[in-house]
Structures are given as structure tokens and as C-alpha cells.
2 protein chains.
Amino acid sequence: MGKRKAAVPDISIAKCGYSLLLEIIASKWAVLAIYAMEGGAVRYGEFLRRIEGISKKMLTQTLRQLERDGLLERDVHDTIPPGVEYRLTPLGRSLLIPLRHMKSWAVDHYPLVREARDAYDKRSDQDAGSEREEQHSSRG
Amino acid sequence: MGKRKAAVPDISIAKCGYSLLLEIIASKWAVLAIYAMEGGAVRYGEFLRRIEGISKKMLTQTLRQLERDGLLERDVHDTIPPGVEYRLTPLGRSLLIPLRHMKSWAVDHYPLVREARDAYDKRSDQDAGSEREEQHSSRG
DNA sequence: CTGGATCCCTATTGATACTG
DNA sequence: CAGTATCAATAGGGATCCAG
């Protein structure tokens, strides 16, 4: 086993587990769509109403991708008017578990992130302003 | 508390924990950059070499955002040539934990996803081909 | 009601060149 | 080596119309 360059374990992280992950839930819509199905089957129009800001195009595209990846299944009811239900497959459900950890992290640490942002922005403000003046921002 | 429509717990999932999360690690580069720093401090050029496909522009932008969110800190060494090291803050490190769960999920389930994709694509192939012929694909 | 197809615009991103 | 500025290409995403 050639072990000459032991300093850097991986010279390229393009093919790591995270890349696989990102290949699956690349878009934010995918995550939100999965979240929408957490409680059970969801209909097309329901997605549209619950996921604020999503367009039909993006919704269809997202659902198709998730279906292709085996994360959800489509139930088509041949009624009039037609009804289509989307539900998570066992594979899709299994993704919910790590996803919930991420969500918990976000909820728990978001205040810290906001603080950091605030501090960073204030600092940048000072840096920019220090060139011509000292400070004049009174908005806390 | 108006509890008239109890059927749908949340009519809009645009402001949920996942949205907060996506606000922080929206881009795939952010995840890969964090991963790159898992083992310790990383220098600018090192990111460029290890994260295949990233451009200087995207790298800078990503690092800036992560710094702003308090996930990493910049160490500037005033030497010649200048050296800048990036390392995860405790906050950034705390994100590694749920992130590893996601990575594990991806690694564990990727084969299933590939199977699903394969099956889906084959199915689509048949659907498209069945219009003019039955089947002629001998490539397994 | 579901969702495919089209047009179109804007934001994201990559390549290059330049500075400290 | 680290980072910025500019420009051009691309595709992500929205609005609309149409069909099953």
C-alpha cells in the first residue's frame, strides 16, 4: 500500500459522503418537501399551499427527483377530479432521523448564529466607516 | 387560541427550523468547507486544492459567510508570504455532530438510492419506448 | 385537480486578470 | 499566498398556457 503522503488523508473531498448527500438533498425545496410529508401523505395542492414561495415548476421538479431517488412514492387515484398523494417511503423516512438532528441543531444554535452575524456586521460597519469618520450609528 | 382548522398543524412551513438550517448551510460548498476543517485548521490554498471544482470566488464567498455566522474563525499571520488559517469555532464544531449523522445516512443508503434511480430510469425508458416499439435494450 | 411545456428574466457561478 | 474586481455564461426559478 503506497503510504507516501500521509500528511493529507484526502486530497480531494469531492467524492466524499457529503457529496453523495448533497446529490440527494441539493435544493432547499427537497428538504422542505420531505418535511411536509413527515406527518403522512400530502397532495400536490397541499404542498403548494404549505411550502410558501414554491412554484408549481419547482414543486414538480423536486417531487420527481425525490421519487427518482426512492425517497417518496406517488399514489395516483383515478378519480374525477384526479387526486395524487405523495408519501415518504421507508427510505425517505429513514432520512428524517438525521434530518431532525440537523433541525434541532439549527433551532438550538440559531440565536448564537444571529449574535455572530450581528457582531460581524457591526464590525464591518466600523471598518468601512473608520476611513472617513469614527462612528455615527445609533441604531442598536 | 383560534383552533378552527386543526387538520393542518402548519399552513406554512417557510419559517420552520429547516428554513433556519438552510439559511446557514444553503450551499453545498459550505458543507464541504466545514468538512475540510474537520481535522483542524486549513489554509486558503488548501481548500482550493482539496475541494475539487470550487472557484476562488465561491471559496471566498463561502468562507466569508461561515465566518459571519460564527462557524469558523480566521487566523491571519502577518508573514511573507502571508498565511491565513481557517478553523472551526466551537459553534462550528457543534454542527459537525448532526452533519456526521447525515453523512452516515448518505453513505449507508446511497446504494439504495442508486438502485431506485436505476429502476426509475429504466421504467421511464420503457414508457418512452413503448410508444413505437416493445423493447430492444440489451444493455443490462 | 394534477402537472407538463414554454417563455423569459434574474441571480449564481466560473474564468480571468490584477493587487497587497 | 490570499484575496478582489470584472465580465460572460448558465441555469435556477417564476408566470403562464394548455392538456389529461
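Order of the sequence lines fixes the chain letters, A, B, ..., with proteins taken first and strands second; residue numbering starts at 1 for each chain. All of these numbers come straight from a predicted model, not from anything done at the bench.
Counting only distance, with no hydrogens or angles, the side chain of B:T89 and the backbone of B:G70 share a donor-acceptor pair below 3.5 Å. Proximity of a side-chain donor or acceptor of A:R74 to a complementary backbone N or O of A:R87 within less than 3.5 Å is not detected. B:Q65 places a side-chain N or O within 3.5 Å of a backbone atom of B:I24 that can act as its donor or acceptor partner.
No more than 12 heavy atoms of other residues, nucleotides or ligands shown are found within 6.0 angstrom of NZ on B:K28.
As a whole-Å value, the separation of B:E46 CD from D:dG3 C1' is 17 Å. Going from atom CG of B:D78 over to atom P of D:dA2 covers 13 Å, rounded to whole Å. As rounded to whole Å, 11 Å separates atom C1' of D:dG14 from atom CH2 of A:W29. In this structure, B:M58 atom CE and C:dT16 atom C1' are separated by 15 Å, rounded to whole Å. Going from atom NZ of B:K57 over to atom C1' of D:dT4 covers 10 Å, rounded to whole Å. At whole-Å resolution of the value, CG in B:L63 and P in C:dT13 are 14 Å apart. Across the protein-nucleic acid pair, B:I80 atom CD1 and C:dT19 atom P stand 18 Å apart, rounded to whole Å. For B:Q61 and D:dG3, the CD to C1' distance is 13 Å, given to the nearest whole Å.
For B:Y86 and D:dG3, the shortest distance from a side-chain N or O to OP1 or OP2 is below 4.0 Å. An OP1 or OP2 oxygen of D:dT4 is reached within less than 4.0 angstrom by no side-chain nitrogen or oxygen of B:Y44. For B:R64, no side-chain nitrogen or oxygen approaches OP1 or OP2 of D:dG3 to under 4.0 Å. Phosphate proximity of C:dT2 to A:R74: absent, as no side-chain N or O sits under 4.0 Å from OP1 or OP2. Between A:R43 and C:dC1 there is no side-chain N or O to OP1 or OP2 distance below 4.0 Å. Within the 4.0 Å cut-off from OP1 or OP2 of C:dG3, not a single side-chain nitrogen or oxygen of A:T60 is found.
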Taking it one step at a time, do A:E23 and B:R117 satisfy salt bridge (Lys or Arg N to Asp or Glu O under 4.0 Å)? CA-CA 12 Å; A:E23 198 181 294; B:R117 275 185 200 167; 2.5 Å; yes
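When each of D:dC17, D:dT4, D:dG13 is scored by its nearest atom to the side-chain atoms of A:K56, the top-ranked nucleotide is D:dC17. Checked against C:dG14, D:dC1, C:dG3, the side chain of B:P81 finds its nearest nucleotide in D:dC1.
Each of A:P82 and A:I54 was assigned the nucleotide of DNA chain D with the nearest heavy atom; the assignment lying further toward the 5' end belongs to A:I54.
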